[in-house]
2 protein chains.
Amino acid sequence: MSLRFALLAMLTSQPMTGYDVYKNFETSVGYVWHAPDSQIYPELRRMEQDGLIRGEKVPWGRKGTKKRYEITVDGVAAFRAWLNEPPQYTRERDPLRLRAAYLEWAEPDAGRQFFRDHIDYHCGRIRDWEDMIRTLRDHTNPTLARRLEGQPEDEWQRIVEYKVFAYEGLIERARAEVAWAERGLALVDRLER
Amino acid sequence: MSLRFALLAMLTSQPMTGYDVYKNFETSVGYVWHAPDSQIYPELRRMEQDGLIRGEKVPWGRKGTKKRYEITVDGVAAFRAWLNEPPQYTRERDPLRLRAAYLEWAEPDAGRQFFRDHIDYHCGRIRDWEDMIRTLRDHTNPTLARRLEGQPEDEWQRIVEYKVFAYEGLIERARAEVAWAERGLALVDRLER
DNA sequence: TTATGCATGTAATTGGTTACATGATTCA
DNA sequence: TGAATCATGTAACCAATTACATGCATAA
């Protein structure tokens, strides 16, 4: 159900086509919530039917058209309502911890590789998010720039700070993952000869 | 797909009925991977068809019967193979970070409540996992006790340590969440008056 | 003019949630 | 005897993944 609100979030910055949204899911908001095109297009149509967004055919090239979606007053209200209500937490479902808990059944080298891959993966994510924070702070992020255009300048700080803070949360969690995996490498060396 | 391996993991300790498995999902392995009964019973049947487990009807009371599942040689091989192969990482999908990124649209008090709930939730989880680690270390955890029975004593340390380590990973991540949410409370106070 | 990018979809399947349903057993 | 627990399911639904499919626009 969060996909709907990820889409609304994106459309609060500016009107977009389905493809624009899809591209943004690869970069900005996509670092927090990813969705494939096959999920985006149908969801946008459902949201239009529910009156949260309004689609408008605009010409594209000589014969082509594309559909640009714009958030409605109802859409903004639904987005605010979602933000104001408490989120529900889902039960734990953690495939990596599940693996780690049973590493005594694995080859020692597979265990080591698991932790090394885990470190690499999260270090990569951390770099992506740090880059993201940089483009948010210096306003070079195109989606953010468009968003700020539509807002009074004294709102800019709040808008930027919440986004930076969200990415910092991802980074902190990823750092905890890296620290854990490093201890994991040491543990394998200690337990297996 | 991890459900299947969570079930295999559980059945490496001892034969169990579907209901036993379901109960264990509420406590031990359930802190890492949760599943409802409506998912467990059909999956066990599929796993039996695939030859990973073998079901045996055993009498229960005077007229009743129940089905006890036991892992097969093929099941153990499949479990080991899963542990030896590298996991695939899924794209980010984080509803809480999504919310946090757009808190400028929420009521300030809703933002504060969001972070307070976040802290409470994760502190609760940390306590559960710390209790879990205690019962693993002192071998009072019933599932672990059964598992150790079937294994030579010089294997006990490895078995226990990997499980403790997995729960420590969950705790470290949860602590990162708490620290983040505490900074979040301060941020709301700074940005909203 | 051809490759790349823009644009939009359908279909099948998997994994998971929620709700509903039933009956036997055990213990207080 | 009645409540709690043990035992096992079905059905409808939703969210997400994977694969397949098409065609226009633009720039090198």
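All chains are named by letter (A, B, ...) in the order of the sequence lines, taking the proteins before the strands, and each is independently numbered beginning at 1.
The salt bridge (Lys or Arg N to Asp or Glu O under 4.0 Å) test applied to D37(B) returns no partner, not counting sequence neighbours. Considering only residues two or more places apart in sequence or on other chains, R190(B) meets the salt bridge (Lys or Arg N to Asp or Glu O under 4.0 Å) condition with E161(A). When the side-chain hydrogen bond (donor to acceptor under 3.5 Å, both in side chains) test is applied to R46(A), the partners found at least two apart in sequence or on another chain are E43(A). The salt bridge (Lys or Arg N to Asp or Glu O under 4.0 Å) search around E192(B) returns R158(A), not counting sequence neighbours. In terms of the side chain to side chain contact (heavy atoms under 4.5 Å, CB included) criterion, residue partners of P15(B) (sequence neighbours excluded) are, by chain and number, R68(B), E70(B). Listed by chain and number, the residues in a side-chain hydrogen bond (donor to acceptor under 3.5 Å, both in side chains) with K67(B) are E48(B) (sequence neighbours excluded).
Within 6.0 Å of CD in E26(A) there are more than 12 heavy atoms belonging to other residues, nucleotides or ligands. Annotation for R146(A): atom CZ does not count as buried by contact number, only 12 or fewer foreign heavy atoms lying within 6.0 Å.
Less than 4.0 Å separates DNA chain C from at least one heavy atom of each of the following residues of residues 78-97 of chain A: R93(A). Listed in residue order, the members of residues 17-30 of chain A having a heavy atom less than 4.0 Å from DNA chain D come to none. Within residues 50-71 of chain B, the residues having any heavy atom under 4.0 Å from DNA chain C are, by residue number, W60(B), G61(B), R62(B), K63(B), G64(B).
The nucleotide range of DNA chain C contacted by chain B, defined by atoms under 4.0 angstrom from heavy atoms of the protein and reported 5' to 3', is dG15(C) to dT25(C).
R99(A) CZ to L83(B) CG: the interatomic distance, rounded to the nearest 0.5 Å, is 6.5 Å.
Across the interface with DNA chain D, nearest-nucleotide mapping of D37(B) and H34(A) shows D37(B) to be the residue nearer the 5′ end. Where E43(B) and S38(B) each meet DNA chain C at their nearest nucleotide, the meeting point lying more 5' is that of E43(B).
Atom pair I40(B):CD1 and dA7(D):P shows a separation of 13 Å (rounding to whole Å applied). Whole-Å rounding puts the M16(B) CE to dC6(D) P distance at 14 Å.
Among residue pairs with one or both ends in residues 34-55 of chain B, none qualify as ring-ring contact (aromatic ring centres under 6.0 Å, His included); sequence neighbours excluded. Here ring-ring contact (aromatic ring centres under 6.0 Å, His included) pairs that include residues 139-163 of chain B, with residues two or more places apart or in two chains, are H139(B)-W156(B).
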Full working for side chain to side chain donor-acceptor pair (under 3.5 Å) between Q113(B) and D109(B): CA-CA 6 Å; Q113(B) 197 55 49; D109(B) 279 342; over 6 Å; no
